Colleague: 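Encoded as structure tokens, here's the structure I'll be asking about.
Every number for a ligand or one of its atoms is a count from 1 in the order of the listing. Quick caveat: nothing in here was measured; it's all calculated off a predicted structure.
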Amino acid sequence: MFTLPQKDFSAPTTCLGPACMQDLGSSHGDDLEGECSRKLDQKLPELPGVGDSAMFSPDTSYLSSRGRMIKWFWDSAEEGYRTYHMDEYDENKNPSLSQSDMQRVEPSLLQYADWRGHLFLREEVAKFLSFYCKSPAPLRPENVVVLNGGASLFSALATVLCEAGEAFLIPTPYYGAITQHVCLYGNVRLACVYLDSEVTGLDTRPFQLTVEKLEMALREAHSEGVKVKGLILINPQNPLGDIYSPEELQEYLVFAKRHKLHVIVDEVYMLSVFEESVGYCSVLSLESSVLPLFPRCALCRLPDPQRTHVMWATSKDFGMSGLRFGTLYTENQDVATAVASLCRYHGLSGLVQYQMAQLLRDRDWINQVYLPENHARLKAAHTYVSEELRALGIPFLSRGAGFFIWVDLRKYLPKATFEEEMLLWRRFLDNKVLLSFGKAFECKEPGWFRFVFSDQAHRLCLGMQRVRQVLAGKSQVAEDPPPSQSQEPSDQCR
Ligand SMILES: Cc1ncc(COP(=O)(O)O)c(C=O)c1O
């Protein structure tokens with residue numbers, strides 16, 4: 001297939017596992033060559049299978065030592081891959097390895113590719129995000145890494161940005177699975193910025209995030225000896241359905257820059273803003289008019305572009321959570337490279353990459369068919385559930401984005417405890433309604449629940465019937481009808 005460069009790598013080496021046993025001269029094109037091309041006479045590793053992390057890429061201050069080590073694995077093999085992809089072998093079109101214009105797409109989709117993702121896909125993603133995020137300058141494919149979903153991206157970013165035990169600030173309530181995403185591989189923690197429903201001081205809405213609250217949470221984390229490396233913002237927010245204004249985003253980013261914190265901006269619901277009056281602003285759209293202190297140019301339009309990392313995925317906006325597609329946009333090449341290195345384990349198959357590119361480039365269908373229809377359906381479903389809740393006299397929060405309503409069921413708890421919240425959740429579950437309880441989002445006030453409304457009308461109708469029954473204390477657990485009947489909506493819900 002191709003021969004790896006016989007370069008004199010200065011980084012320490014360890015070949016990983018059985019790959020080392022392979023004959024370097026007889027490459028099998030199986031992606032293990034990179035590991036085995038390292039010099040074998042270098043410094044002995046500190047950890048089993050891994051070199052002395054202090055010696056990896058000492059020129060970058062953006063990555064944790066683990067991130068530098070992960071990036072080093074990439075760097076050590078990259079030259080060979082880059083050379084190979086620039087002049088890829090093709091039996092008919094490039095038999096002598098002298099042409100670079102390989103036309104046939106299909107066979108290459110079955111081969112190892114750039115772990116950042118095929119260039120054709122990263123170009124589409126850059127165009128797609130430039131258009132939908134309304135970036136002031138075209139976004140660049142080299143800043144794009146594609147991988148298998150938002151969860152993997154959280155995991156990868158946490159691993160390459162933080163040392164084990166370090167933390168990200170995150171405002172609560174937040175999409176609770178992030179706790180696992182950053183912890184399971186990276187052993188990274190979350191330092192909560194606890195927000196509450198009471199509107200006090202200069203707040204204009206419940207659960208409002210302010211710089212004062214961020215500063216306080218940061219101080220608290222420091223006083224507990226926790227090193228904070230970054231801030232996670234979800235916009236549109238899950239579970240609140242909130243949207244940050246450009247001015248708020250600016251304030252948060254300036255706060256982060258002041259403390260040299262990375263900011264991961266999770267925009268996986270950016271195309272699910274179904275209320276037209278809600279002006280959504282992607283962090284990638286910020287420009288100098290919003291950030292007067294920062295001149296307008298591709299690289300410096302954000303307060304700290306090297307520490308601002310944006311994620312998007314198709315799981316929500318295209319309802320394709322099973323396809324597993326997510327993307328990172330970052331101008332920080334160290335971070336992009338370190339994440340790409342982890343794409344060996346999180347990368348997308350060539351076939352999915354091809355399909356994704358086809359989808360993302362079909363702008364006419366997305367704009368004229370898909371998004372209007374999707375927004376109309378989300379709005380109808382949202383209107384229905386909101387009206388039901390209003391009729392029940394139940395307070396809720398929702399600003400016209402995302403798939404959920406944040407519902408205040410505190411008055412249904414006999415005592416304001418998380419045990420009572422759990423008991424109420426279980427009563428819903430026993431009556432075949434699956435809601436999410438506030439504790440799962442680290443909400444500090446017991447009694448909040450997340451209702452997902454992105455479902456078909458008759459199912460929502462049936463769900464709301466059951467919610468009413470539970471709240472009226474008429475639990476159906478004992479006298480539940482047989483499954484065939486219990487699954488059927490009543491006439492009202494057809
Ligand atoms: C805010 C947010 N970010 C990320 C994810 C994870 O997305 P994925 O399915 O692409 O891993 C979710 C999924 O619910 C989410 O709500």
Colleague: Indicate yes or no: does an N/O atom of Phe325 lie under 3.5 Å from an N/O atom of ligand 1?
Modeller: no
Colleague: To the nearest 0.5 Å, what is the distance between OH (Tyr345) and CG (Asn148)?
Modeller: 13.5 Å
Colleague: What do we get for Ala313 next to ligand 1 when only non-hydrogen atoms under 4.0 Å count, side chain, backbone, both or neither?
Modeller: side chain
Colleague: Checking the N or O distance criterion of under 3.5 Å, is ligand 1 in contact with Phe154?
Modeller: no
Colleague: Do Glu387 and Thr383 meet the criterion of a side-chain donor-acceptor pair at a distance under 3.5 Å?
Modeller: no
Colleague: What part of Tyr269, side chain, backbone, both or neither, has a heavy atom within less than 4.0 angstrom of ligand 1?
Modeller: side chain
Colleague: Anything under 30° is parallel, anything over 60° is perpendicular, the rest tilted; go ahead and classify His118 against Phe120.
Modeller: parallel
Colleague: Arg324 heavy atoms, cut-off 4.0 Å: which ligand 1 atoms fall inside?
Modeller: 8 (P), 9 (O), 10 (O), 11 (O)
Colleague: Identify the heavy atoms of Leu284 and Pro136 that sit nearest to each other, and give their distance.
Modeller: O-CD, 3.3 Å
Colleague: Of all the atoms in ligand 1, which lie at a distance below 4.0 Å from a heavy atom belonging to Asp266?
Modeller: 1 (C), 2 (C), 3 (N), 4 (C)
Colleague: Any side-chain donor paired with an acceptor under 3.5 Å for Gln368 and Trp365?
Modeller: no
Colleague: My understanding is that we take every heavy atom of each candidate and find the minimum distance to atom 13 (C) of ligand 1. Doing that for Met311, Lys316, Gln237, which one comes out nearest?
Modeller: Lys316
Colleague: Are side-chain N/O atoms of Asn143 and Gln333 paired as donor and acceptor at under 3.5 Å?
Modeller: yes
Colleague: Using a 4.0 Å cut-off to any heavy atom of Ile234, which atoms of ligand 1 qualify?
Modeller: 1 (C)
